[in-house]
Each structure stands twice: as C-alpha cells, then as structure tokens.
Number of protein chains: 2
Amino acid sequence: MEQAGQRRRAATLKDVAALAGVSVATASKALNGRDQVRAETRSRVLEAAQRISFTPNSVARGLLAGQTGTVGLLTNDLVGRFSIPILMGAEDAFGTGKTSVLLCDARGDSIRESYHLQALLSRRVDGLIVVGSDTDPRPSLGDMPVPVVYAYGPSEDPNDLSLVPDNVGAGSLMARHLLETGRSRIAHITGEAGYSAARDRTEGITRALDAAGLSLLGGEALYGSWSEAWGRAAAAVIIDRHPDVDALLCGSDQIARGALDALRDRGIPVPEKIAVAGFDNWEVLATGSRPQLTSIDMDLEVLGRTAAQRLFAAIDGQHDSGTQKLPCRLVVRGSTVPDP
Amino acid sequence: MEQAGQRRRAATLKDVAALAGVSVATASKALNGRDQVRAETRSRVLEAAQRISFTPNSVARGLLAGQTGTVGLLTNDLVGRFSIPILMGAEDAFGTGKTSVLLCDARGDSIRESYHLQALLSRRVDGLIVVGSDTDPRPSLGDMPVPVVYAYGPSEDPNDLSLVPDNVGAGSLMARHLLETGRSRIAHITGEAGYSAARDRTEGITRALDAAGLSLLGGEALYGSWSEAWGRAAAAVIIDRHPDVDALLCGSDQIARGALDALRDRGIPVPEKIAVAGFDNWEVLATGSRPQLTSIDMDLEVLGRTAAQRLFAAIDGQHDSGTQKLPCRLVVRGSTVPDP
DNA sequence: AAACCTAACGAAAAGGTTTTCAGCAAGGTA
DNA sequence: TACCTTGCTGAAAACCTTTTCGTTAGGTTT
C-alpha cells in the first residue's frame, strides 16, 4: 500500500506550444492538420506533442463545440440476455467513429431511470438509446433536448422512433419452416401471456397455420413460464393428450430444452417422430442440446447497430418516427431436420 | 420523416441568473447549496432553474475541476457471460454516486484496445477498470495518467492492482463439499487446459483430496472443452472405465449438464448413485436441469463492485497493488444432495 | 519606390461553470 | 461621527481548446 505521488497533471496544448516555441493557436492548427502552418513548424509541434505524450482534452473540445461525442445507453435489464447483443451492436457501430458510449442500467426502476437520465443529460450526451427489458411498449421519455431511439422495447408514443424485432414475422417464419418440412400437427408451448413477445409469436404462428388451412393442436397455445421445467411439463401433457403430435413449437430455447428432455424420457426420436423448435437462438442452449435446436435469431446485434445508425441520423437532423420492425432469422438445426 | 427544427440550446446558468435577476456567481452558489446566499435569493434562483429546466453542464464543471466523474470500463469479452456481472457490479457501485461509466469493448484485439484507451484518456476519465475475457494474466497497460484496476483477468505486472476470483479456493471448496457429503471416488472433467481457470480449479480440487488422503479417480483430470458435448462424452468414458465412481466434478456448468445427460441415458440416479457438480453457477443451466446443479458462484458482481471501490480509493490517492483473490461461493442444489 | 499581396503566426474570444476576492450596505460599537 | 462587523452579491479568473481576425514580414507588381 503505497501513497500515490500526486499524479502529474496531463499535458496540455499550452505545454506543447511552449515546448515547440509557438503559440497555442499555431499548435492547435498544426495538430489538427489546418493549412496555415509551415511544414517545418508543424513537424516541430508534432514532435513536441509526441515527446510529452499530449492527448487532446475532448472535454474542452466538447464544451466549445457543443457536441461531446458521447451517447447514452440506458438499459433496463443488463442481466438479461437481450440487452447485451443490442449493446454490442451499438457499441460496434459507434466504435468505428469517435463516439463513446455512456452506459447506465436502470433495472426497470423508473426512479433510477430518471436519475440516470439526469446524469446523462448533464453530461451533454449527443443522443440516447433506450433499451427495454422486453418488447412491451414503455412510457416515452417525452420531449428530450437530444434525439432518442428506443430499441427492443418500443415507446408508447408513436412520435418517438422505436426499433423492435418482428416477433409476428418470426412466428410465421418458424411455422412455415415446420410446414415445409412436412409437419402438420403442431403444438405451441410458450411463456407468460403477459409478454407481448409471447403473444406476437403466437399470432404469427397462428396466421401461418391459417394460411395453410391448419390450426394449432388443441386449438390454442399453452402459456406458462420461460423455463425448462415448464417445457418438460407442457410437452408431457401434450404428448399424452395428442399422441399424434408431430411438432412442438416452443416460445423460447429454454422451453424447447425442456421439451426435448421430456421426449427423451419417453424415447421419442427427435426430429424423426416429433420436431422441436425454439426461439431466441441462445447459443449455449441451442447448440448444447442433442439434437441441436432449430431456433429463431432476433438479430439483436443488427438491431443495436441499426439503432446507433438511426441515432446518428437523428443527431444530423434526420428525424424519423414510429415503431419499426426488424426481421428475424431462422436458424435450422437438427431438432427439426435430421442431420445428414 | 420530418426535419427536426433546430433543437433549442440547453439552458445555461447565465439564463437562470438573468431570469432570477442575479449574477451567475450567485446563481451557482444558490444551486450548489453554498451558504453565502440569502434564503429569499436562493429560492428565487431555484424557481428560475426549475422553470427553464436547467441542467448543469457537467462538461464545463469537469473542465474546471479536472475531474470528469466518469470512469472507463474496458472489457474484452462483452459477449461472454463473465464480463456482464462484473460490469453490473461496477455500474452499481458507481451508480449510487455521481460517476458514470464509459463502456468500450475491445474484443481481445489489442489494436482496438489501444484505440479505445486513447478515446477514454482524451475524455479524461478519472480511472479505468480493465476486464479480461478469462483469468489468464494479460499485459499491463503500463504507466497511465489515471489509476487502473484489472478485474477478472489480472495484469502481468505485480505493480498493478488486479482482482481475480480465487479459483484454487473454489476447487477446494467444491471438493470438500463432495467429501463432506460422503463421496470419495471423485472424477474431474474440465475444459481446455490452456485456461488458467481450469488448471487452478483442478489444483484446488487436488489439494483438498490430498488433504483427505485421496486422489482423483484415474489419477488426473480430463481436460477437453467447455461444452455439453464434452461433458457427455467424458462422463461416458469415466463410467465405463470406473464403474464405481461416485462423483463427477465438472469444470463448468455446461460440462456438468452434459454429464447429467449421459447419466440419465444410462439410468444412473443423481445424486443417489453419482453426484454431479459444476462451476460458474450459470443460472439458466444450473437451475434448468433435473436435478438442479450444485455449482460454484464466482460472485462476479461483488468482484465488479470491489473493483469500483478500489478504483475510487486509488483516485483518492490510496494506491494499492498486487493480484488479490476474491472468495467464491458454494451453491448447493439437488445434484449433490438429495432434495428433501 | 510605392502599393499590394500572401504566407505564417499570434492575440483574443468563446464555451459554462466554480471559486476567490472585492465591494457594498446595514447595523452595531466606541 | 468614525470605525468595525456581518451578510450578500457580483466581477473576474481559471479550466483547455478551437476559430476568427489582425499583424508581421517578405516578396511581387506597377
């Protein structure tokens, strides 16, 4: 435990200028490639900057320019698996430029949210991405001094710009895949009905079946929880009640893992006799199972990247609004189509 | 697609002062609770600030104070599950104060890392937390103008402060748990030997067995990969080779899930005949299985919080160094002890 | 030789806040 | 009355950078 000597203050432009024997104005121009500097002077400044490892202070620059080159990322469920890919996508899109990300996690607590919001605004972020913990619409932040993009969880206000995965389309996509691979007696086990993700996916599935002149086995979806245990239990019920079922379309990969488990217990071969499919394409679950799980990937990283791009556009004055749905992607694995 | 009208410039202290009919100096004092302001004046200022929804510009404040109230969080594996809890813990510790987190993901690419580092330094962060993608030591950032704390992955330089989970202790903890619950013929299936986490856990296990006059079944650990498939395969091998095995100590929850799966295939009851245990306490895996998995939690959120606290201390001049190991926590579930 | 142009550089302002210090008025004391 | 507190308030400097505009020196044109 040593006492840190007073940390030397970071080098400033004035130091560089003094060392190079020029004024700060000239030093600034030399470093920023402005063209009113003699070549010899410029190289002298550059060398001086190099020598004292000068790092320009973007705080001062931001104060002057009125733009800080930072954006706020306000998430509500960092622990959940949905925020992270979005965050990564956004970070990626920003990272290439000179924008940095200020991260806050409100944990679904609106008090904490407004607190963080305050902090972000006082730091003069150039824009804001608000990531929901689920796809249910959330209250708008209202009129903000900077552009806002809502990702994953849309704003209730249609004047805001929201980017969400197309869960209805995802449901249809998966149902069509099962139909195309010869399934027709399809049961649907899903999570809590309180989640719009669950309801939307069910709607998409129902629509696709409708279009094929079919309907869900048992007439409707089985709502429960997003857990393996529920998948196991529900699958057991369905098999007992409908021995001729040929596909278990599950609302999440966790549920699908449970369903696979139940089928294994009964010695029912997957996918030969019954196909199983999930949603979310949660790698560790989907690729760890035997057989591996066919699933729907919401392409959240793309969603995050898109959100970042839209935010940039908004910062540049291209204001857009409404809730836009981004397509999901089918990932076919062994649980619906036999491995070759 | 509407063109955004020019966004009104944010209110400044000058605006507040003008509205309240005082100078900016007085307005500042009134808002910051300084005690040289008449009560009546203060309330007039507060009301003015309220009315034009004044938010102090912390950029300007930071410029003046030389402290920005931001810290950089430089991670190398945002997609991995280890960074997130650390990040949450840190965010939590900071969140209560007035510190914000600038997040960067270098993805294990040192070019990108130095790029991000540059950005963070130019933003004049007050400190830096560097999160490794694994527990293997990494090159030091060297002499930085701000304090740095390494979390999860330690720095190679002992002059830096690093915080890592005590994987050796974790191994011993788990082995002792198995011994205490009556197991003695213990096999160890783990991940890639290239990971120090794998080697450290194995070392801890071996030590604890040693102390009890025992050794690993087969004499040594089975190294493979961190996957369910490897867990299945390795478990099968062990059962065939050592039919009298009574515990499968797995290096991760994924491996343990695979092992459980293999045991189920053979109809071997868990935990009655063979106990199974994992590491990492990855909730979705550990609680989704049947029976649920006994595991070791590295308490990464605590690690993140601790890192944040140490960083604060360092910013305050309390410089500390060396690689400090934080204890892990045993979580007992049905795979080692029968549910009541 | 006078007038003019150009290139290179520096002085100063701006951005928003905090802090220091000086000033000022009111009230009290000698 | 002259002086001293005490309590408030405001002017100005400081933080660091960028940009505008003015200045200087040297060279070119008439």
Side-chain angles (χ1 to χ4, degrees), chain A residues 7-46 48-49 52-70 98 119 121-126 145, chain B residues 7-46 48-49 52-70 98 119 121-126 145:
Chain A
R7 231 160 245 288
R8 69 189 176 294
R9 139 192 106 68
T12 127
L13 191 57
K14 191 154 67 170
D15 302 330
V16 176
L19 187 57
V22 298
S23 72
V24 287
T26 304
S28 172
K29 284 177 226 167
L31 290 170
N32 292 308
R34 292 279 168 285
D35 59 352
Q36 301 144 321
V37 186
R38 202 154 33 120
E40 190 269 336
T41 309
R42 185 188 306 277
S43 67
R44 219 169 59 228
V45 171
L46 288 175
I52 58 178
S53 62
F54 167 73
T55 309
N57 184 333
S58 14
V59 175
R61 189 181 288 173
L63 180 60
L64 193 58
Q67 295 238 336
T68 54
T70 52
K98 39 210 168 323
L121 290 180
S122 101
R123 296 221 145 71
R124 294 297 189 264
V125 291
D126 297 334
Chain B
R7 233 159 245 289
R8 69 186 178 294
R9 144 191 102 70
T12 121
L13 191 57
K14 190 153 67 170
D15 302 332
V16 176
L19 188 57
V22 298
S23 71
V24 285
T26 303
S28 171
K29 283 176 226 166
L31 289 171
N32 292 307
R34 292 280 167 286
D35 58 352
Q36 303 144 318
V37 185
R38 197 154 37 119
E40 191 269 335
T41 310
R42 185 188 305 280
S43 67
R44 219 168 60 229
V45 171
L46 288 176
I52 59 178
S53 61
F54 167 74
T55 309
N57 183 335
S58 14
V59 175
R61 188 181 290 173
L63 180 61
L64 191 58
Q67 295 238 339
T68 53
T70 52
K98 41 211 167 325
L121 290 180
S122 102
R123 297 220 145 71
R124 293 297 188 266
V125 291
D126 296 335

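Every chain is numbered from 1 and lettered A, B, ... according to where its sequence line falls, protein lines coming before strand lines.
- Remark: A/Ser58 OG to B/Leu63 CG distance equals 11.0 Å, nearest 0.5 Å.
- The separation between A/Lys14 atom NZ and C/dA12 atom P is 14 Å, rounded to whole Å.
- The structure places CD of A/Gln36 at 5.0 Å from NZ of A/Lys29, a figure rounded to the nearest 0.5 Å.
- Following rounding to the nearest Å, A/Arg124 (CZ) and C/dG16 (P) show an atom-to-atom distance of 9 Å.
- Closest to the A/Ala60 side chain, of the nucleotides D/dC16, C/dG16, D/dT18, is D/dC16.
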Dump every N/O contact between nucleotides 23-26 of chain D and the protein below 3.5 Å, one line per pair.
none

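- Atom CZ of B/Arg124 and atom CD of B/Gln67 lie 12.5 Å apart (nearest 0.5 Å).
- Judged by closest nucleotide on DNA chain D, B/Val22 is the one of A/Pro56 and B/Val22 placed further toward the 5' end.
- Of the N and O atoms on the side chains of B/Ser122 and A/Thr55, not one donor lies less than 3.5 Å from an acceptor on the other residue.
- Of all nucleotides listed (D/dC16, C/dT17, C/dA11), C/dT17 comes nearest to the side chain of B/Leu64.
- For DNA chain C, the neighbouring residues in residues 31-44 of chain B, judged by any heavy atom under 4.0 Å, are B/Asn32, B/Arg34.
- For the atom pair OG1 (A/Thr26) and CZ (A/Arg34), the distance works out to 13.0 Å, reported to the nearest 0.5 Å.
- Under the 3.5 Å distance criterion, the side-chain polar atoms of B/Asn32 are matched with a main-chain donor or acceptor of B/Ser28.
- When heavy atoms are screened at a 4.0 angstrom cut-off, B/Val59 is found touching no nucleic acid atom at all.
- Nearest to the side-chain atoms of B/Ala25 among the listed nucleotides D/dA12, C/dG16, D/dT19 stands D/dA12.
- Across the protein-nucleic acid pair, B/Gln67 atom CD and D/dC15 atom P stand 15 Å apart, rounded to whole Å.
- Within the 4.0 angstrom heavy-atom criterion, base atoms lie near A/Ser28.
- Not one side-chain nitrogen or oxygen of B/Ser23 sits closer than 4.0 Å to the OP1 or OP2 atom of D/dT9.
- The CZ atom of A/Arg42 sits 8.0 Å away from the CG atom of A/Asp35 when rounded to the nearest 0.5 Å.
- Atom P of nucleotide D/dC15 and atom CG of B/Leu13 are separated by 20 Å, given to the nearest angstrom.
- When the side-chain nitrogen and oxygen atoms of A/Thr26 are compared with OP1 and OP2 of C/dA8, none of them lie within a distance under 4.0 Å.
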Test B/Arg123 against B/Thr70 for side-chain contact (heavy atoms from CB on, under 4.5 Å), laying out the working first.
-> CA-CA 9 Å; B/Arg123 297 220 145 71; B/Thr70 52; 5.7 Å; no
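- One distance of note links CG of B/Leu13 with CG of B/Asn57; it measures 10.5 Å at 0.5 Å rounding.
- Proximity of a side-chain donor or acceptor of A/Arg61 to a complementary backbone N or O of A/Thr68 within less than 3.5 Å is not detected.
- Nucleotide C/dG16 holds its P atom 18 Å from the CZ atom of A/Arg61, rounded to whole Å.
- The interatomic distance linking A/Leu63 (CG) with D/dC16 (P) rounds to 12 Å, in whole Å.
- Counting only heavy atoms from C-beta on, A/Lys29 has its side chain closest to C/dC9 among C/dA12, C/dC9, C/dG16.
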